[in-house]
Amino acid sequence: QVQLVESGGGLVQAGDSLRLSCAASGRTFAYYTMGWFRQAPGKEREFVAAISWSGGRTYYTESVKGRFTISRDNAKNTVYLQMNSLKHEDTAVYYCAADPRSWPGESSAEYSYWGQGTQVTVSS
């Protein structure tokens with residue numbers, strides 16, 4: 001069992017940066033692939049990025065490549081999403097998730113654990 005708590009969201013202007021954090025409880029965090037998803041109003045939850053248990057593999061959806069970076073610190077039980085050059089279309093509630101059934105876990109249905117989400121709003 002693992003509990004996830006996201007933080008770091010907020011209101012920013014287009015072109016700004018934000019870093020989201022997801023703090024996990026439980027001793028097995030270091031064994032889990034972790035993912036970030038987002039959900040905009042009226043839209044389905046979509047995959048953003050994933051990172052393997054060691055941090056050695058990462059995977060991004062096309063729309064954030066070159067702008068977002070996923071990373072993790074297993075000693076702190078935390079996964080991060082550094083978001084640069086934010087665009088209005090990045091506005092969404094961002095969720096972290098743990099333990100997908102396969103790599104890279106692009107489907108939300110694959111994940112066993114979810115956080116409550118953090119709002120990111122990018123003004124244009």
Side-chain angles (χ1 to χ4, degrees):
Q1 189 78 8
V2 63
Q3 293 183 328
L4 305 173
V5 179
E6 302 94 335
S7 62
L11 172 62
V12 297
Q13 294 185 336
D16 285 350
S17 298
L18 274 177
R19 189 177 79 157
L20 306 183
S21 299
C22 173
S25 64
R27 299 178 182 178
T28 56
F29 170 81
Y31 300 125
Y32 291 146
T33 288
M34 298 293 296
W36 283 98
F37 285 74
R38 64 187 180 186
Q39 188 166 18
K43 295 188 177 181
E44 294 187 354
R45 193 168 296 189
E46 67 167 348
F47 172 84
V48 175
I51 188 166
S52 63
W53 67 272
S54 67
R57 286 191 295 174
T58 57
Y59 187 82
Y60 300 91
T61 193
E62 193 65 34
S63 63
V64 307
K65 283 182 180 178
R67 299 189 300 122
F68 290 11
T69 302
I70 189 171
S71 61
R72 67 190 297 161
D73 184 340
N74 286 343
K76 295 182 178 179
N77 276 15
T78 302
V79 63
Y80 304 98
L81 186 67
Q82 177 67 43
M83 305 185 296
N84 298 330
S85 302
L86 282 161
K87 304 176 181 179
H88 177 66
E89 51 263 43
D90 295 318
T91 296
V93 177
Y94 283 71
Y95 299 89
C96 69
D99 193 26
R101 290 195 295 272
S102 63
W103 173 263
E106 291 184 273
S107 170
S108 61
E110 293 193 53
Y111 287 78
S112 301
Y113 306 105
W114 290 88
Q116 83 291 346
T118 186
Q119 176 71 47
V120 172
T121 303
V122 185
S123 63
S124 56

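When a residue number appears, it is its place in the shown sequence, counting from 1.
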From [X] atom [atom1] to [Y] atom [atom2], the distance as rounded to the nearest 0.5 Å:
| X | Y | atom1 | atom2 | result |
| --- | --- | --- | --- | --- |
| Cys96 | Ile70 | SG | CD1 | 9.0 Å |
| Phe68 | Arg19 | CZ | CZ | 14.5 Å |
| Tyr80 | Leu20 | OH | CG | 12.0 Å |
| Tyr95 | Ser108 | OH | OG | 11.0 Å |
| Ser124 | Gln13 | OG | CD | 10.0 Å |
| Thr61 | Glu106 | OG1 | CD | 7.0 Å |

Cluster overlap [X] with [Y], hydrophobic side-chain contacts below 4.5 Å:
| X | Y | answer |
| --- | --- | --- |
| Val64 | Val93 | no |
| Val2 | Trp114 | no |
| Val122 | Tyr94 | yes |
| Tyr113 | Leu81 | yes |
| Phe47 | Leu86 | no |

Q) Passes side chain to side chain contact (heavy atoms under 4.5 Å, CB included), Asp90 versus Arg38? Steps please. A) CA-CA 9 Å; Asp90 295 318; Arg38 64 187 180 186; 2.9 Å; yes
Distance-minimising heavy-atom pair for [X] and [Y]:
| X | Y | value |
| --- | --- | --- |
| Ser85 | Ser17 | N-OG, 4.2 Å |
| Leu4 | Ala24 | CD2-CB, 3.6 Å |
| Tyr60 | Ala49 | CD2-CB, 3.6 Å |
| Glu110 | Ser102 | OE1-OG, 2.6 Å |
| Thr91 | Gln119 | CG2-NE2, 4.1 Å |
| Ala50 | Pro104 | CB-O, 3.2 Å |

Q. What class does the angle between the rings of Trp103 and Tyr59 fall in, given that below 30° is parallel, 30 to 60° is tilted and above 60° is perpendicular?
A.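 Geometry flag for Tyr59 against Trp103: perpendicular rings.
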Q. Partners of Gln3 by side-chain contact (heavy atoms from CB on, under 4.5 Å), sequence neighbours excluded?
A.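 side-chain contact (heavy atoms from CB on, under 4.5 Å) list for Gln3, sorted by chain: Ser25.
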Q | Sequence-distant partners of Lys43, side-chain contact (heavy atoms from CB on, under 4.5 Å), two or more places apart | A |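 Lys43: side-chain contact (heavy atoms from CB on, under 4.5 Å) contacts with Ala40.
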Quick check against the 3.5 Å criterion: does [X] have a side-chain atom that pairs as donor or acceptor with the backbone of [Y]?
| X | Y | result |
| --- | --- | --- |
| Ser123 | Val12 | yes |
| Glu6 | Cys22 | no |
| Asp99 | Gln1 | no |

Q: List the steps and the verdict of side chain to side chain contact (heavy atoms under 4.5 Å, CB included) for Met83 and Arg67.
A: CA-CA 6 Å; Met83 305 185 296; Arg67 299 189 300 122; over 6 Å; no
Q: Validate the cation-pi geometry between Arg45 and Phe37: distance from NZ or CZ to the six-membered ring centre under 6.0 Å, angle to the ring axis within 45°.
A: no
**Q.** Arg72 to Phe29, cation-pi by 6.0 Å centre distance and 45° axis angle
**A.**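 Because its charged atom sits under 6.0 Å from the ring centre and within 45° of the axis, Arg72 does stack over Phe29.
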Q. Without hydrogens or angle criteria, can the side chains of Gln82 and Ser71 be said to hold a donor-acceptor pair below 3.5 Å?
A.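 Their side chains do not contain a donor-acceptor pair, so the 3.5 Å distance test is not met.
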Q) Can you list the residues that meet the side chain to side chain donor-acceptor pair (under 3.5 Å) rule with Ser7, with sequence neighbours excluded? A) none
